[in-house]
Amino acid sequence: MKRQVRTRFAPSPTGYMHIGNLRTALYEYLVAKSMGGKFILRIEDTDQERLVEGATDVIYNTLKLCGMHHDEGPDIGGPYAPYVQSERKDTYKPFAEELVEKGHAYYCFCTKERLDQLRTECEAKNETFMYDRHCLSLSKAEIEEKLKSGVPYVIRQKMPREGVTSFEDAVYGTITIQNNMLEDQILLKSDGLPTYNFANVIDDHLMDITHVVRGSEYLSSTPKYNLLYQAFGWDIPVYIHLPLIIKPDGSKISKRKGDAGFEDLLKMGYLPEAIINYIALLGWSPDSNQEMFTLEELEKAFDITSISKSPAAFDIDKLKWFNAQYIRNMGPEEFHDLALPYLSEAVTNRNIDLKKVSKILQARTEVLTEIPSKVGFLNELCHYDLSIYVHKKMKTTLEIALSSLKAALSVLEETSEWTEEILHDKLINLAAKLEIKNGQMLWPVRTALSGWAVTPGGAIELADILGKDESVRRIKIGIERLEESL
RNA sequence: GGCCCCAUGGUCAAGAGGUUAAGACACGGCCCUUUCACGGCUGUAACAGGGGUUCGAAUCCCCUUGGGGUCACCA
C-alpha cells in the first residue's frame, strides 16, 4: 500500500515572501493536491539571530490570500504538532547523540576563532576551506572531560572520505557527488539548536514527508541529507528540486537588493490570482496551450514530469498581462470593489458616480495602482494647450472644434434627461445633421470635457459621468478659449 | 577556484530521431472605433559553437563557450 503523499512548506520567518519561495510553496501544494495528498506548513526558526517580529503572520497571510490552504500547521495544529522548530527544540539533540553513538557524528569543541583563522589561512592559499576534523581525534576521556566542564560544543556529521553518493531527483535525474567534497557539517549548534540541514531531515522524517520540494540551490547538499537518512536507517523521500527564478538580467532575486516580494507586488496593484497563475508557469508547463489557470485547475493539471530544469526569468510584463486578464474577466462589481480604494482617494469631486468610472476603467486597467493617474481630470478642468483640439485622424481643426462645441452646447443645454443613451443619440444625430464625421463632433467635446489628450472613455461617457452642469461649464470654457485664439 | 546543474526567438515555453520548429508576453502593421484601451487579423524574431552516432538530429554522446547554484554554529 502506497503511503499518502505529504509535502511541506518550510519557510523561515524573515518577514519577506520571496517570489521563489512562494513558487516553491505553490509547487509543494500542487504536488500534494495533484496526488490527493496533504500540504503541511512548518516554520523553520532555528536561527535565533534572524527572528523577525510578526513574520509568521506574513506567511499565513500569503498562503491564505493565494488560496493555498495547509492541512497541518502551527496555527491549525495537526497530528505531528508542534510545527514550529523552536518548539521542537528538545527533539533534535537525542538524534544527534544517537548518531554520535553510531559513529556517524562527533563532538567538536573548536572555537569560532580557530575556525575563522583556518578559513582565512585557506583563503590566503586560495584553497577551499573544509573543517580539518581536529576534534575527531579526541579521546573518549578528553571528550568526557570537556563535556563535564561545560566547554561549548557542536556536533558534526562524519562524512565518508571516499566513494561517491548518488541520489535520484524527480526533475534532474541522477546526481552524483564525490564524498570528499562533503564537509563534516554541523548538526547541532552550540546553542543547542539544530542547523537547518539537520532539523530538516529529522522533521521531514518525523512528519512523514514523502516528497521534498525545494529550490535547486539544495541540489549539491542533498547527498549530506541522504547520508543522514542512511545513518538513521530511514526511508529517503522523493526529491523534487525546482529551477530557480531569476531576474531578467540573470541575477538572483534578493530582499536586500529591494526586489519585490509577494507583498510588494500586492502593493503595486497585482492580484494574488494573477501572481499565482504566472509563477505556476515559471518552471512548469501544461500539456495544452492553456495559460489561464485557477488554483483548482492547476491542482488537476499539475504534473511533476513537466517541471523544467532551466532557470526562469521573472518577467513583470507578462505578470502585468496576466493581471490585466484577471481584471477584464471579473464581473463589474468585483472590479469596482477592487478599484474603489484607489478611486475614492483619487477622485475628490463628490458629484462623480464612481461606479460609472469603474466601468470605463475596467478594460483600461492592467494594474490597480495606475488608476489614479487616469482620472485626475474628473476633479477639475486644468488649463490645457489648445493644440490638442487638432487631431489629424479625427479630421479636426481649431475651427471645426469651435463650431462643433457650439452646436453641441446648444443641444446639450436643452437636454433634460442626462443618460448615456440619450447623449449618444443627440450627439450622433447632431453630427449627421451637420454632415460631419462623428469624430469631428466627439473629439472636440471629449477634449473640452477633459482637457486631456487621452482619457479613459469618450465624449459621451465623460459627459454622462461629469453631469450636465459640469459638462456645459467645461464646454463653455472650451468655446471661450477657442474664440479668443481664433 | 573545486564540485553540481542548465542551454529552443528579448522573455516564458512546446518539442522526448523524420514538424513548414507550436503557443503566450513584449515589439511592428492592419481592422474595429468618438481619443486611449478592449477585441480581431497579421508580421519580425530561436535550436550557443564544434565534433561525432545515424539514411536522417533541436532531440543521443563528447568537447568548447556561456549562464546559474553551492562550498556558514543561514535557511
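In what follows, every heavy atom counts, from backbone to side chain, and hydrogens, waters and symmetry copies are set aside. Proteins come first, then strands; the chains are lettered A, B, ... in the order of their sequence lines, and each starts at number 1.
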Are the side chains of A:Val154 and A:Tyr107 in contact, using a 4.5 Å heavy-atom criterion? no

Ignoring hydrogens and geometry beyond distance, is a side-chain donor-acceptor pair present between A:Asn200 and A:Glu44 at under 3.5 Å? yes

Expected string for nucleotides 62-75 of chain B under the B/S/- scheme (protein heavy atoms, under 4.0 Å, primed atoms plus P, OP1, OP2 as sugar-phosphate) is ------SSSBSBBB

Atom pair distance, as rounded to whole Å: CZ in A:Arg23 and C1' in B:rC12: 12 Å

Distance to the ring centre below 6.0 angstrom and angle to the axis at most 45 degrees; does that hold for A:Lys158 and A:Tyr106? no

Hey, does A:Ile436 have a side-chain heavy atom less than 4.5 Å from the side chain of A:Ser404? yes

Please report the distance separating the C1' of B:rG9 from the corresponding atom of B:rA48, rounded so that it comes out in whole Å. 13 Å

Provide, to the nearest angstrom, the distance between the CH2 atom belonging to A:Trp284 and the P atom belonging to B:rA14. 11 Å

Both conditions, 6.0 Å and 45 degrees, for the charged tip of A:Arg481 above the ring of A:Tyr384: are they met here? yes

Atom pair CG (A:Leu219) and CD1 (A:Ile177), whose distance is rounded to the nearest 0.5 Å: 7.5 Å

How far does the P atom of B:rA37 sit from the matching atom of B:rA26, given to the nearest Å? 12 Å

Considering only atom C1', compute the distance from B:rG52 to B:rG10 and round it to an integer number of Å. 33 Å

In whole angstrom, give the distance that lies between atom NZ of A:Lys320 and atom P of B:rC12. 18 Å

Hunt down the Watson-Crick or G-U wobble partner of B:rG9, both distances under 3.5 Å, from any strand shown, or write none. none

Using ring centroids (six-membered ring only for Trp), state whether A:Tyr270 and A:Phe322 fall under 6.0 Å. no

Counting the atoms with a prime plus P, OP1 and OP2 as sugar-phosphate, which does A:Thr365 contact under 4.0 Å by heavy atoms, base, sugar-phosphate, or nothing? nothing

Determine the Euclidean distance between corresponding C1' atoms of B:rA13 and B:rC31; express it in Å to zero decimal places. 29 Å

note: A:Ile307, atom CD1; B:rA14, atom P; distance rounded to Å ~ 12 Å

Integer angstrom distance from the C1' of B:rC30 to that of B:rU65: 43 Å

Base, backbone or nothing for each nucleotide of nucleotides 21-29 of chain B, written B, S, -, heavy atoms under 4.0 angstrom, 5' to 3'? -BSBS----

Return the pairing partner of B:rA14 with a 3.5 Å limit on both distances, Watson-Crick or G-U wobble; otherwise return none. none

Any side-chain N or O of A:Arg328 less than 4.0 Å from the OP1 or OP2 oxygen of B:rG39? yes

Paired with B:rU70 by Watson-Crick or G-U wobble geometry, both distances under 3.5 Å: which nucleotide is it? B:rG2

Please confirm whether A:Tyr278 and A:Phe314 have ring centers closer than 6.0 angstrom. yes

Inter-nucleotide C1' distance (B:rC55, B:rG43), Å rounded: 37 Å

A:Arg214 vs A:Thr24, test: side chain to side chain donor-acceptor pair (under 3.5 Å). Steps then yes/no. CA-CA 6 Å; A:Arg214 50 159 68 135; A:Thr24 300; over 6 Å; no

Partner lookup for B:rC36, please. Criteria are Watson-Crick or G-U wobble with both distances under 3.5 angstrom; report none if nothing qualifies. none

Taking the side chain as every heavy atom from C-beta outward, state whether A:Val212 and A:Thr222 have any atom pair closer than 4.5 Å. no

In this structure, is the centre-to-centre distance between the rings of A:Tyr196 and A:Tyr218 below 6.0 Å? yes

For B:rU54, give its Watson-Crick or G-U wobble partner with both distances under 3.5 Å, or none. none

May I have the distance from A:Phe293 (atom CZ) to B:rA13 (atom P), rounded to whole angstrom? 14 Å

For the side chain of A:Ile177, starting at C-beta, report the closest nucleotide among B:rC3, B:rA13, B:rC38. B:rC3

How would you label the contact of A:Ser450 with the nucleic acid (heavy atoms, under 4.0 Å): base, sugar-phosphate, or nothing? nothing

Would you measure the distance from the C1' atom in B:rA58 across to the matching atom in B:rG15 and give it in whole Å? 8 Å

What is the distance, rounded to the nearest whole Å, between atom CD1 of A:Ile327 and atom C1' of B:rA37? 13 Å

Pairwise distance CD(A:Glu28) to CG(A:Leu242) - rounded to 0.5 angstrom: 8.0 Å

Please confirm whether the ring centroid of A:Trp284 lies under 6.0 Å from the ring centroid of A:Tyr27. no

For atom CZ of A:Phe335 and atom P of B:rA37, their distance in whole Å: 17 Å

Residue-phosphate contact under 4.0 Å: A:Lys309 side-chain N/O, B:rC5 OP1/OP2: no

Can you pull every protein N or O that's under 3.5 Å from an N or O on nucleotides 32-36 of chain B?
residue	atom	partner	partner atom	Å
B:rU34	OP1	A:Asn438	ND2	3.4
B:rU34	O2	A:Ala459	N	3.0
B:rU35	O2	A:Arg446	NE	3.4
B:rU35	O2	A:Thr455	N	3.0
B:rU35	O2	A:Thr455	O	3.2
B:rU35	N3	A:Thr455	O	2.8
B:rU35	N3	A:Gly457	O	2.9
B:rU35	O4	A:Gly457	N	3.1
B:rU35	O4	A:Gly457	O	2.5
B:rU35	O4	A:Gly458	N	2.8
B:rC36	O2	A:Arg364	NH1	3.0
B:rC36	N3	A:Arg364	NH1	2.2
B:rC36	N4	A:Arg364	NH1	3.4

Is there a Watson-Crick or G-U wobble partner for B:rA21 with both distances under 3.5 Å, and if so, which one is it? none

Find the distance A:Tyr326:OH to B:rC38:C1' and express it as a whole number of Å. 19 Å

Output for pair (A:Thr195 OG1, A:Gln157 CD), nearest 0.5 Å, gives 9.0 Å

Please report the distance separating the P of B:rG2 from the corresponding atom of B:rC63, rounded so that it comes out in whole Å. 15 Å

